[in-house]
Amino acid sequence: MRVEGRATKIASDLLAHYDVHARRLPWRAPPGSNAADPYRVWLSEVMLQQTTVAAVGPYYAKFLARWPTVQDLAASEDADLMAAWAGLGYYARARNLLACARAVARDHGGVFPDTEDGLRSLPGVGAYTAAAVAAIAFGQRAVVVDANVERVVARLFAIATPLPAARPAIRAAADSITPDARAGDFAQAMMDLGATICTARNPACGICPLREDCAAVLTADPAAYPVKAAKKVRPHRTGHGWWIERDGHVWLVRRPDKGLLGGMRALPSSDWGDAPDPTPPIAARWTTIETDVAHVFTHFSLALRVHHAHVEANETPEGAGEWWPIDRIGEAGLPTLFARAADAVRKERQADARN
DNA sequence: GACGCGTGGAT
DNA sequence: TATCCAAGCGT
C-alpha cells in the first residue's frame, strides 16, 4: 500500500541521488540502458547473498567468462562448479545455483521466469532474490528487502522494535516507499545508500540524500537503528585433518552434500566434536603439525589439528576418495579451511627441507 | 522463529 | 585481538 507525500518524496530524493552517484558494478547495466540480463542479475544476486561486493567481483568475472549463459552453466559438471565456487563460502548456494540453472534450462526453456512467484519457486531463490531479480531484470514493482534496506528503513521510520520481530513492520514500511516506476533502480539505490552512506557503523548522515526524510537522524544515535537481539556466544571446537601422501599425490575426499562445506573436496577429517584422539583414516607414521589451523565459521570457531604421513604405493584409505597431484592442489577447489591446512603442510615440508 | 551455513575486511 | 558485518536461504 503506497502512501503519497512523504513516501513519494523519499523515492524521488533517492532516485535523484542514484542518477548521479550509482556505483558502477560489473553486473549492473550501464546508466540509461535497459539491458539487464536476467542470468547476470540472478548470478550476481546469488553470489552477493551475505557476501561483500569486493569478494564477489573476481568470482562473478570468472563465472561469466566460463559460463556466459544459463544453458552453459546448466551443462557444467558438479565438481567443476563447486571447485569454481571454492573460497566464496556458503556452499549450498553453489549446489542450488546449479540446480536452479538446470531447472531453468529444463523446465523453462532456458528463460528465467519474469514474476516473483515464478522466480521464488527456483532452488536458492528466496524472497529477497526473487524480488531483486523481478525488479532489476524485469522492471517489475517488487519490494526488495535485504539487510541494507532493513537498516535504511528502520532509520527512516525510527522503528524501535528489535529484529527479527521488526521484520513485518520494516517490510510494510519498505512497501510504502517503493515506487511503481523504476523499482529496480530504487532497490539498488537503497542498497547503495546502505553500503556507502547509511552504513551499520558511523553513518554519514551529513551527506545523506534522505536526511530531511529521516526520523532517526533526529535522535541522539541514528546508528542505534535497527535494534537487534543479543547474539549468542560462538563455541569453540577442535577437529583433526589428515594429509595422506603417496608418490606426489594427496588423498582427497568429497564431503556429504548436506552440512558444513557440503559437497566440497576436502582432506579426510574428524567430526568437529570433542573426540580427543580420533582414529586416522589409515595406519601410518603420523606427524602432527605444531600449530593448529585456526578458522572461524559463522556459528563456531575451529582449531584444526593437521596430521601428515606418507603411505606405500599399494596403500589406499578405505572409502571413496581420489589421489590428487600435490603440485596441482590449487585446482582442487578446496574450501578455505582445507586450503590453509594444505598450506600448513607445505610450509612444514619447506622448513624440514632446510634443516 | 531458530538454527546451520563461510569467508574476509573493517573497526 | 575480538567482534561485527556483508545484496539470505533451506529446514
Side-chain angles (χ1 to χ4, degrees), chain A residues 23 25-28 40-60 82 85-97 99-100 119-137 142-152 162-168 174 184 186-196 198-203 223 226 228-237 255-264 266 272 293-302 333-340:
Chain A
R23 289 182 292 172
L25 300 173
W27 44 86
R28 240 176 223 183
R40 300 183 184 202
V41 174
W42 161 77
L43 178 62
S44 69
E45 291 299 341
V46 173
M47 288 185 166
L48 286 162
Q49 290 166 7
Q50 297 287 283
T51 307
T52 57
V53 165
V56 165
Y59 284 86
Y60 177 80
M82 299 307 286
W85 194 277
L88 197 55
Y90 283 140
Y91 299 100
R93 292 184 297 173
R95 299 193 298 276
N96 287 328
L97 192 81
C100 181
L119 291 160
R120 183 70 180 78
S121 69
L122 296 168
V125 178
Y128 161 76
T129 302
V133 174
I136 297 168
V143 182
V144 180
V145 183
D146 75 326
N148 289 300
V149 175
E150 281 187 349
R151 185 170 59 253
V152 171
L163 289 171
R167 295 239 156 84
F186 178 78
Q188 295 180 90
M190 287 286 278
M191 294 189 280
D192 275 16
L193 189 73
T196 62
C198 195
T199 51
R201 289 178 285 202
N202 302 318
K228 295 184 178 179
K231 297 197 171 178
K232 297 181 176 178
V233 295
R234 179 162 26 219
H236 182 77
R237 299 181 188 165
R255 295 177 60 80
D257 276 330
K258 292 185 184 301
L260 191 74
L261 308 177
M264 301 300 288
W272 322 126
V293 173
H295 195 72
V296 181
F297 294 104
T298 305
H299 53 298
F300 69 95
S301 59
L302 177 71
L334 294 176
T336 300
L337 168 67
F338 293 111
R340 287 183 180 164

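In what follows, chains carry the letters A, B, and so on, assigned in the order in which the sequence lines appear, proteins first and then strands, with residues in each chain numbered from 1.
At whole-Å resolution of the value, CH2 in A:Trp272 and C1' in B:dG6 are 13 Å apart. Residue A:Arg95 contributes atom CZ, which lies 10 Å from atom P of B:dC5 at whole-angstrom precision. Between the CE atom of A:Met191 and the P atom of C:dA6 there is a distance of 13 Å, rounded to whole Å. Here the C1' atom of nucleotide B:dG4 and the CG atom of A:Asp257 are 16 Å apart, to the nearest Å. Per the geometry, CZ belonging to A:Arg234 stands 11 Å off C1' belonging to B:dG6, to the nearest Å. In this structure, the NZ atom of A:Lys258 is 13 Å from the P atom of B:dG6, given to the nearest Å. As rounded to whole Å, 16 Å separates atom C1' of C:dA6 from atom CE of A:Met47. Put simply, CG on A:Leu97 is 13 Å from C1' on C:dC9, counting in whole angstrom units.
Residue contacts shown for A:Arg151 are limited to sugar-phosphate atoms, with no base heavy atom under 4.0 Å away. Across all strands, A:Trp42 comes closer than 4.0 Å to no nucleic acid atom at all (heavy-atom distances). Heavy atoms of A:Thr129 sit under 4.0 angstrom from primed sugar atoms or phosphate atoms, though from no base atom. Residue A:Ala127 is classed as a sugar-phosphate contact, given heavy-atom separations below 4.0 Å to backbone atoms only. Residue contacts for A:Leu88: at a heavy-atom cut-off of 4.0 Å it reaches a base atom on one of the strands shown. Among the heavy atoms of the strands, none lies under 4.0 Å from A:Leu163. When heavy atoms are screened at a 4.0 angstrom cut-off, A:Gly194 is found touching no nucleic acid atom at all.
Both A:Gln49 and A:Lys228 sit near DNA chain C, but only A:Lys228 has its closest nucleotide nearer the 5' end.
Put simply, A:Lys232 has no side-chain N or O that comes within less than 4.0 Å of OP1 or OP2 on B:dA2.
Listed nucleotides C:dG8, C:dA7, B:dT7 differ in distance to A:Tyr90; the shortest reach to its side chain belongs to C:dG8. Among the nucleotides B:dT7, B:dG4, C:dA6, the one closest to the side chain of A:His299 is B:dG4. Distances were taken from every side-chain heavy atom of A:Leu25 (C-beta onward) to each of C:dC5, C:dA7, C:dG10; the shortest belongs to C:dA7. Proximity note for A:Arg23 (side chain, C-beta onward) versus C:dA7, C:dG10, B:dG6: the nearest is C:dA7. Listed nucleotides: B:dC3, C:dC5, C:dA7. Nearest to the side chain of A:Lys231: C:dC5. Here C:dA7 is the nucleotide among C:dC9, B:dT7, C:dA7 with the atom lying nearest to any side-chain atom of A:Ala195.
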Which protein N or O atoms sit under 3.5 Å from an N or O of nucleotides 8-11 of chain B?
residue	atom	partner	partner atom	Å
B:dG8	OP2	A:Arg340	NH2	3.2

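Taking the P atom of each, C:dC9 and B:dG8 are spaced 22 Å apart, rounded to whole Å. Taking atom P in both B:dG4 and C:dA7, one finds a spacing of 23 Å when rounded to whole Å.
With a 6.0 Å radius and a threshold of 12 heavy atoms from other residues, nucleotides or ligands, A:Arg95 has its CZ atom above the threshold.
For the pair A:Arg120 (side chain) and A:Val125 (backbone), a donor-acceptor distance under 3.5 Å is present. Although no hydrogens or angles enter the test, the distance criterion places a donor-acceptor pair under 3.5 Å between the side chain of A:Ser44 and the main chain of A:Val41.
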task: For the pair A:Phe297 and A:His299, evaluate ring pair (Phe, Tyr, Trp, His ring centres under 6.0 Å) and give the outcome as yes or no after the intermediate values.
output: CA-CA 6 Å; A:Phe297 294 104; A:His299 53 298; 7.2 Å; no
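Under 3.5 Å, the side chains of A:Arg93 and A:Gln49 contain no donor-acceptor pair of N or O atoms.
In this structure, A:Trp272 CH2 and A:His236 NE2 are separated by 12.0 Å, a value rounded to the nearest 0.5 Å. Residue A:Thr129 holds its OG1 atom at 10.5 Å from CH2 of A:Trp42, rounded to the nearest 0.5 Å.
A donor-acceptor contact under 3.5 Å is formed by the side chain of A:Thr51 with the base of B:dG6.
For the pair A:Val144/A:Tyr128, a side-chain contact is recorded, criterion being any heavy-atom separation below 4.5 Å from C-beta on.
Classification of the A:Trp27-A:Tyr60 ring pair by plane angle, with boundaries at 30° and 60°, yields perpendicular.
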